[in-house]
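The next block holds one structure in the form of structure tokens; read it before the comments.
Source: prediction; values computed, not measured. Atoms considered below: every heavy atom in the structure, side chains included; atoms not considered: hydrogens, waters and symmetry mates.
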Amino acid sequence: MVTLNQIISFLEELAPPSLAEDYDNVGLLLGNSQAQVERILISLDVDEKVVAEAVKKEAQLILSHHPLIFRPVKNIVAGSSFGRTIYAIIQNNVNLYAMHTNFDIANGGLCDYFLQEICHAPCYDSLEGELPNGLGRIAKLETELALEDFLNRVKKKFSMQYVRYIGEKSAKIQTVAVCNGGGADLIELAKEKGADVYISGDVKYHQARYAYENGLSFIEIPHYEAEIIFCRLVSKLLSERFQNQLEIMVSEENVNPWKFI
């Protein structure tokens, strides 16, 4: 039997909580670190449906990327979705642990994995600060590509039918900067560091204008599509560390809230 403490020790070796951004809330959010764990449910987000799934599948731990408890909490009442989710976690003795910006930043973490999925090339720097203490990554492709070809690679890799982009299809792409999730605030750093294209999500109009006006190609991979890979990566890492000791499941109830017509 594995204790939650043992799992936490491993997770914090991978992504020390000290790496998290000041605004973030990571670590054990609800639960008992001495609890015995046989089954883990991994999810990008946590809501009522994910908690119900964990209870149905008899998971003792939900491991998420996005923290359920993020901003200061003023009340927990059953009249809200947040309140019902908290109630369900506590009433069913489920533990809740979040790895967010600390896992984005960590060497071998989500930002590195995101870059590798797109570029198949090792990173040579972070965008914000020095490795391993900064968000974002930058790398060089082995072979220069036209933006159109690079766009098709991104669409295929992330199973996207459509992709929003800025730039000319014929533009030459070799230096690639990325930040998984909502990293559009780093767009100016990507330009300063010599990126031909920047890839991130949650872009605002003025950030799009910056890319357009400064000749920087930009590819938007929406937040969900960019970060759902968290589940695959963490499943792999836990399976390698706790071979045959834990049943590791990926949530089937955590879905993209956006729909398209």
Side-chain angles (χ1 to χ4, degrees), residues 2-4 7-8 10-12 14-15 17 20 24-33 35-104 109-110 113-114 158-159 180-182 201-202 221-239 241-242 245-260:
V2 179
T3 66
L4 180 52
I7 297 168
I8 289 173
F10 172 67
L11 296 176
E12 295 186 354
L14 293 175
D24 206 2
N25 188 30
V26 302
L28 184 60
L29 304 184
L30 287 167
N32 175 6
S33 62
Q36 303 289 311
V37 177
E38 296 179 25
R39 299 178 190 85
I40 300 176
L41 184 68
I42 300 174
S43 186
L44 176 60
D45 311 290
V46 180
D47 60 16
E48 293 178 81
K49 291 182 178 180
V50 171
V51 175
E53 180 184 11
V55 173
K56 181 179 179 180
K57 294 179 176 178
E58 299 182 335
Q60 294 84 27
L61 172 64
I62 299 173
L63 173 56
S64 71
H65 185 49
H66 294 144
L68 173 63
I69 303 171
F70 189 66
R71 297 180 179 85
V73 176
K74 294 184 177 180
N75 56 52
I76 299 173
V77 294
S80 69
S81 174
F82 173 78
R84 290 191 299 271
T85 303
I86 295 288
Y87 265 88
I89 291 170
I90 294 172
Q91 289 172 340
N92 289 282
N93 294 315
V94 178
N95 301 280
L96 177 62
Y97 189 94
M99 303 168 72
H100 193 211
T101 54
N102 56 323
F103 192 58
D104 291 331
L110 194 57
Y113 190 53
F114 183 63
F158 290 89
S159 302
N180 54 284
D202 297 347
I221 300 182
H223 209 120
Y224 178 88
E225 285 84 351
E227 295 198 331
I228 194 64
I229 59 174
F230 167 85
C231 299
R232 184 166 70 234
L233 176 56
V234 174
S235 295
K236 175 178 177 290
L237 295 170
L238 284 168
S239 296
R241 170 60 180 83
F242 296 99
Q245 295 178 278
L246 293 169
E247 183 178 350
I248 299 165
M249 304 169 287
V250 172
S251 175
E252 299 173 271
E253 293 293 339
N254 181 207
V255 299
N256 191 345
W258 287 106
K259 294 182 179 180
F260 303 91

Where the side chain of [X] meets the backbone of [Y], is there a donor-acceptor pair that is under 3.5 Å apart?
| X | Y | result |
| --- | --- | --- |
| E225 | H223 | no |
| N256 | W258 | yes |
| H65 | M99 | yes |
| S80 | G83 | yes |
| N95 | N32 | yes |

Taking all atoms of both residues into account, what is the closest heavy-atom pair of [X] and [Y], and its distance?
| X | Y | value |
| --- | --- | --- |
| G181 | A226 | N-CB, 3.8 Å |
| V94 | A59 | CG2-O, 4.0 Å |
| P67 | A98 | CA-CB, 3.9 Å |
| S235 | V250 | OG-CG2, 3.4 Å |
| L238 | I40 | CD1-CD1, 4.1 Å |

Worksheet entry | Worked verdict on V234 versus F103 for side chain to side chain contact (heavy atoms under 4.5 Å, CB included) | CA-CA 10 Å; V234 174; F103 192 58; 3.8 Å; yes
Worksheet item: Can a donor-acceptor pair be found between the side chains of D24 and N102 at a distance below 3.5 Å?
Response: no
Worksheet item: Is it the case that N25 and H100 place a side-chain donor and acceptor less than 3.5 Å from each other?
Response: no
Fill in: side chain to side chain contact (heavy atoms under 4.5 Å, CB included) between M249 and E53, intermediate numbers included
CA-CA 10 Å; M249 304 169 287; E53 180 184 11; over 6 Å; no
Practice prompt. Show your working on side chain to side chain contact (heavy atoms under 4.5 Å, CB included) between L29 and I89 and close with a plain yes or no.
Written response: CA-CA 11 Å; L29 304 184; I89 291 170; over 6 Å; no
Discussion item. Please determine whether a side-chain nitrogen of the Lys or Arg among K57 and E253 lies less than 4.0 Å from a carboxylate oxygen of the Asp or Glu.
Written reply: no
Within this structure, what is the [atom1]-[atom2] distance for the pair [X] and [Y], rounded to the nearest 0.5 Å?
| X | Y | atom1 | atom2 | result |
| --- | --- | --- | --- | --- |
| D104 | F114 | CG | CZ | 10.5 Å |
| K49 | K56 | NZ | NZ | 13.0 Å |
| I86 | L30 | CD1 | CG | 5.0 Å |
| I62 | N254 | CD1 | CG | 10.5 Å |
| H66 | T101 | NE2 | OG1 | 10.5 Å |
| F82 | F70 | CZ | CZ | 12.5 Å |

Does some side-chain heavy atom of [Y] sit less than 4.5 Å from a side-chain heavy atom of [X]?
| X | Y | value |
| --- | --- | --- |
| E247 | E38 | no |
| N180 | F230 | no |
| L246 | L61 | no |
| V50 | T85 | no |
| I69 | L96 | no |

Worksheet entry | Pairwise salt bridge (Lys or Arg N to Asp or Glu O under 4.0 Å) hits with a residue in residues 71-99, at least two apart | E48-R84
Item to complete: Begin with the C-alpha distance, continue with both residues' side-chain angles, and end with the deciding distance and a verdict on ring-ring contact (aromatic ring centres under 6.0 Å, His included) for Y224 and F158.
Response: CA-CA 10 Å; Y224 178 88; F158 290 89; over 10 Å; no
